[in-house]
Protein chains: 2
Amino acid sequence: MNRPMRTRRQATLASLAAELGVSRTTVSNAYNRPDQLSPELRRRVLETARRLGYPGPDPVARSLRTRKAGAVGLLLTENLSYAFRDPAAVGVLEGLALACEDAGVGLHLVPASPGREDVAAVHRAGVDGFVVYSVPDDDPHLAAVLSRPVPTVIVDQPQVEGVDRVGPDDEAATVDLANHLVNLGHRQVGVLCMRLARDRNDGFAPLRRQHEAHYHVQRTRLAALAKTFEKAGVDWASVPVVERFEHSVDEGASAARQLLDAHPGVTALVCTSDILALGAIAEVRRRGLRVPADLTVTGFDGIAEATRAGLTTVHQPVLEKGRAAGKLLLSAGDRVSPKVITLPTELRIGTTSAPPRTAEERWFGP
Amino acid sequence: MNRPMRTRRQATLASLAAELGVSRTTVSNAYNRPDQLSPELRRRVLETARRLGYPGPDPVARSLRTRKAGAVGLLLTENLSYAFRDPAAVGVLEGLALACEDAGVGLHLVPASPGREDVAAVHRAGVDGFVVYSVPDDDPHLAAVLSRPVPTVIVDQPQVEGVDRVGPDDEAATVDLANHLVNLGHRQVGVLCMRLARDRNDGFAPLRRQHEAHYHVQRTRLAALAKTFEKAGVDWASVPVVERFEHSVDEGASAARQLLDAHPGVTALVCTSDILALGAIAEVRRRGLRVPADLTVTGFDGIAEATRAGLTTVHQPVLEKGRAAGKLLLSAGDRVSPKVITLPTELRIGTTSAPPRTAEERWFGP
DNA sequence: CTGAAAGCGCTAACAT
DNA sequence: ATGTTAGCGCTTTCAG
């Protein structure tokens with residue numbers, strides 16, 4: 001294959017029209033409405049276009065005129081490295097991309113790493129709408145998105161009144177999971193959770209920080225755990241909650257280490273994501289303990305690797321979540337009231353949860 | 001958080017200027033060149049903008065005027081489902097996204113599934129350049145991209161004269177790998193490869209199909225294998241090559257099954273990707289054979305899961321590949337001759353390759 | 001520091 | 001079936 005080096009934009013629709021001695025409309029029609037002109041003329045137009053090196057209508061100019069960008073923006077204020085490494089996030093991305101593909105529109109990833117305070121990229125994105133995925137409620141990028149006159153759909157978090165949202169019922173799902181543990185007999189639990197706010201805190205998260213979390217999903221899950229365990233007679237204030245800023249298996253392991261070092265008496269580690277849970281399991285085993293005989297570990301998301309590992313977790317249809325968000329956005333026509341789509345979740349009891357060992361067992365072995 | 005439902009675009013830069021009794025230039029400057037007007041006036045402009053619900057300069061109109069879209073397009077004519085499931089592809093995507101992030105430009109995923117013949121999406125994408133990742137040389141989307149007057153960088157394949165390219169030296173890397181097998185003593189090998197053309201062929205690929213493959217990477221790897229094994233006295237025409245259209249672990253397993261059913265005598269399965277190799281290993285084990293004692297299996301890419309599995313493979317820096325492509329594109333300024341970046345690869349000998357069993361061993365056990 | 005003028009390249013009524 | 005007209009909303013010399 002070969003190809004000449006281009007100089008710069010050579011021809012425009014107007015110059016082509018001039019060359020041909022026809023109007024611009026005709027040339028435009030040749031590209032956009034083939035049925036509006038004779039096949040013969042159309043052939044001539046296209047032929048001349050090729051000769052002059054006219055690449056077809058400029059997409060930006062067309063967008064300006066038609067008021068359609070032909071793309072949806074995706075705001076993801078997470079380090080891409082972590083986003084792409086979390087199968088749950090990849091699933092959402094994939095589902096969204098599929099919805100876009102079906103509609104023939106592009107998916108525009110907005111450059112917005114967590115550190116970046118520069119919101120200009122949001123304003124510069126030529127898109128017909130935004131999908132916002134899992135950002136904190138005080139993120140400036142989010143505010144920038146909401147200030148733009150295009151429809152927006154938020155996936156998972158935050159909840160913003162008047163804005164479409166797609167996500168699971170974190171509250172109900174977490175209550176189910178917690179009840180499973182309560183029913184098994186666990187009363188001494190520890191929690192591993194993801195980032196609660198934009199400021200980094202790799203360590204224990206006091207009650208106040210839990211309550212004021214800017215990540216609605218984490219806040220809700222913690223609250224649901226608190227509610228359920230308190231109902232079972234557990235004093236939540238005494239339950240250790242370890243937070244991690246980065247979301248990776250390794251961080252899950254280190255969080256488990258930190259928690260178990262300080263609270264060796266816990267009988268279950270509840271993790272707010274499978275990724276963290278997988279790390280926790282690794283750490284527990286590293287300590288020579290068995291899962292679930294010595295320690296129960298649970299996750300959240302239901303990613304494939306968790307299933308393979310037999311993790312007790314809450315499964316949510318991540319691909320469908322992304323797809324639903326895309327469809328919702330692209331059908332955003334003239335809906336009146338904002339729509340909230342709640343996705344089904346399923347408690348999947350695996351082989352990582354079991355009744356706690358009794359004190360005697362712990363001292364004298366099984 | 002709350003937010004009023006928007007009606008439609010309410011104010012423009014012009015109407016704002018009118019309202020304020022200043023020129024449009026001034027309003028524009030308030031947004032783009034704050035140093036060009038008094039802080040006081042600027043404050044007034046922004047304040048009035050808020051009051052009128054003016055969301056700031058329209059990105060599309062700005063792009064038209066400045067001739068900068070602020071985004072790079074990514075052409076990926078693979079099913080997104082598969083693309084996102086292959087860590088090698090995700091790595092490339094991630095690296096590219098990082099490069100875009102650094103430059104503050106968006107990454108526009110062009111909707112182009114393999115089946116789609118509709119190339120309009122390429123023409124509709126408002127981007128300043130394209131990265132093309134691993135498409136067949138006869139893909140119409142590729143032609144559409146090349147017809148657009150913007151710089152383009154191709155990752156891996158195809159090789160197009162005059163177009164920038166980033167990729168490993170597939171030839172050299174594959175020769176190294178093949179020599180490793182030759183040196184171990186393998187002469188009866190089977191090959192599992194990815195799609196060779198746009199038409200589906202799940203099965204054996206005859207010589208002719210190998211030679212005429214439209215996927216340059218696969219063609220090159222096969223050719224390198226052929227060359228090296230022929231040099232070792234193997235008649236390549238007799239070497240079974242099984243092709244799979246879809247790229248997944250399961251397909252790798254099924255390909256291995258197909259190959260081993262027909263050619264139980266092979267001592268090594270050479271796979272052109274780690275994904276296929278992982279499937280092959282699964283199938284070999286399913287048959288009650290041991291890797292590498294009974295059968296050697298090798299891959300290509302060096303994805304994390306392969307490393308964990310101890311796979312003998314060729315590692316390539318996929319993230320760097322994506323990043324390099326992005327950087328190259330974004331610096332495309334006024335380079336004269338096209339640039340080709342060759343990334344280093346490394347033969348990683350793992351625990352899945354060993355000398356072939358002798359015939360006696362095969363009959364009488366080790 | 002501010003304004004006037006001149007388009008960027010295209011499409012969509014509305015004629016003819 | 002083709003042309004005329006009228007912008008889409010913005011930025012950018014170049015003068016004041």
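The sequence lines fix the lettering, A, B, ..., with proteins before strands; numbering per chain opens at 1.
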Can B/Arg198 and B/Thr77 be said to form a side-chain contact (heavy atoms from CB on, under 4.5 Å), step by step?
CA-CA 10 Å; B/Arg198 293 199 288 144; B/Thr77 61; over 6 Å; no

Nearest-Å distance, [atom1] ([X]) to [atom2] ([N])?
| X | N | atom1 | atom2 | result |
| --- | --- | --- | --- | --- |
| B/Gln36 | D/dT11 | CD | P | 14 Å |
| B/Leu16 | D/dG9 | CG | P | 13 Å |
| B/Arg33 | D/dT12 | CZ | C1' | 7 Å |
| A/Arg67 | C/dG9 | CZ | P | 18 Å |
| B/Leu20 | C/dG3 | CG | P | 10 Å |
| A/Lys68 | D/dG9 | NZ | C1' | 16 Å |
| B/Arg44 | C/dT2 | CZ | P | 9 Å |
| B/Tyr31 | D/dT11 | OH | P | 10 Å |

So the side-chain hydrogen bond (donor to acceptor under 3.5 Å, both in side chains) pairs with at least one residue in residues 118-128 of chain A (sequence neighbours excluded) are none

State whether [X] places a side-chain N or O below 4.0 Å from either non-bridging phosphate oxygen (OP1 or OP2) of [N].
| X | N | result |
| --- | --- | --- |
| B/Arg62 | D/dT11 | yes |
| A/Ser38 | D/dT2 | yes |
| B/Asn32 | D/dT11 | yes |

Out of [options], whichever nucleotide has its closest atom nearest the side chain of [X]:
| X | options | result |
| --- | --- | --- |
| A/Thr26 | C/dG3, D/dG3, C/dG9 | D/dG3 |
| A/Ser23 | D/dG3, C/dT2, D/dG9 | D/dG3 |
| A/Pro57 | D/dT12, D/dG9, C/dC10 | C/dC10 |
| B/Asp58 | D/dT12, D/dC10, D/dC8 | D/dC10 |
| B/Leu64 | C/dC10, D/dG9, D/dC10 | D/dG9 |

NA contact type, B/Leu37, heavy-atom cut-off 4.0 Å: base, sugar-phosphate, or nothing?
sugar-phosphate

Select base, sugar-phosphate, or nothing to describe what B/Val60 touches, counting heavy atoms under 4.0 Å on all strands.
nothing

State which residues pass salt bridge (charged side-chain N to carboxylate O under 4.0 Å, His left out) with B/Arg43; sequence neighbours excluded, sorted by chain then number.
B/Glu40

Results of side chain to side chain contact (heavy atoms under 4.5 Å, CB included) for A/Arg85 - residues two or more places apart only
A/Ser81, B/Glu94, B/Leu319

Just the atom pairs and distances: protein N or O near nucleotides 5-7 of chain C's N or O, under 3.5 Å.
residue : atom : partner : partner atom : Å
C/dA6   : N6   : B/Arg24 : NH2          : 2.9
C/dG7   : N2   : B/Arg65 : NH1          : 3.1

Mark yes or no for whether A/Ser28, through its side chain, and A/Arg24, through its backbone, hold a donor-acceptor pair below 3.5 Å.
no

Test item: A/His141 side-chain N/O and A/Arg116 main-chain N/O as donor-acceptor pair under 3.5 Å:
yes

Could you tell me which residues satisfy side-chain hydrogen bond (donor to acceptor under 3.5 Å, both in side chains) with A/Asp102, sequence neighbours excluded, listed by chain and number?
none

Under the ring pair (Phe, Tyr, Trp, His ring centres under 6.0 Å) rule, collect the residues that match up with A/Phe84, sequence neighbours excluded.
none

Residue mapping more 5' on DNA chain C - nearest nucleotide basis, A/Pro59 or B/Pro39
B/Pro39

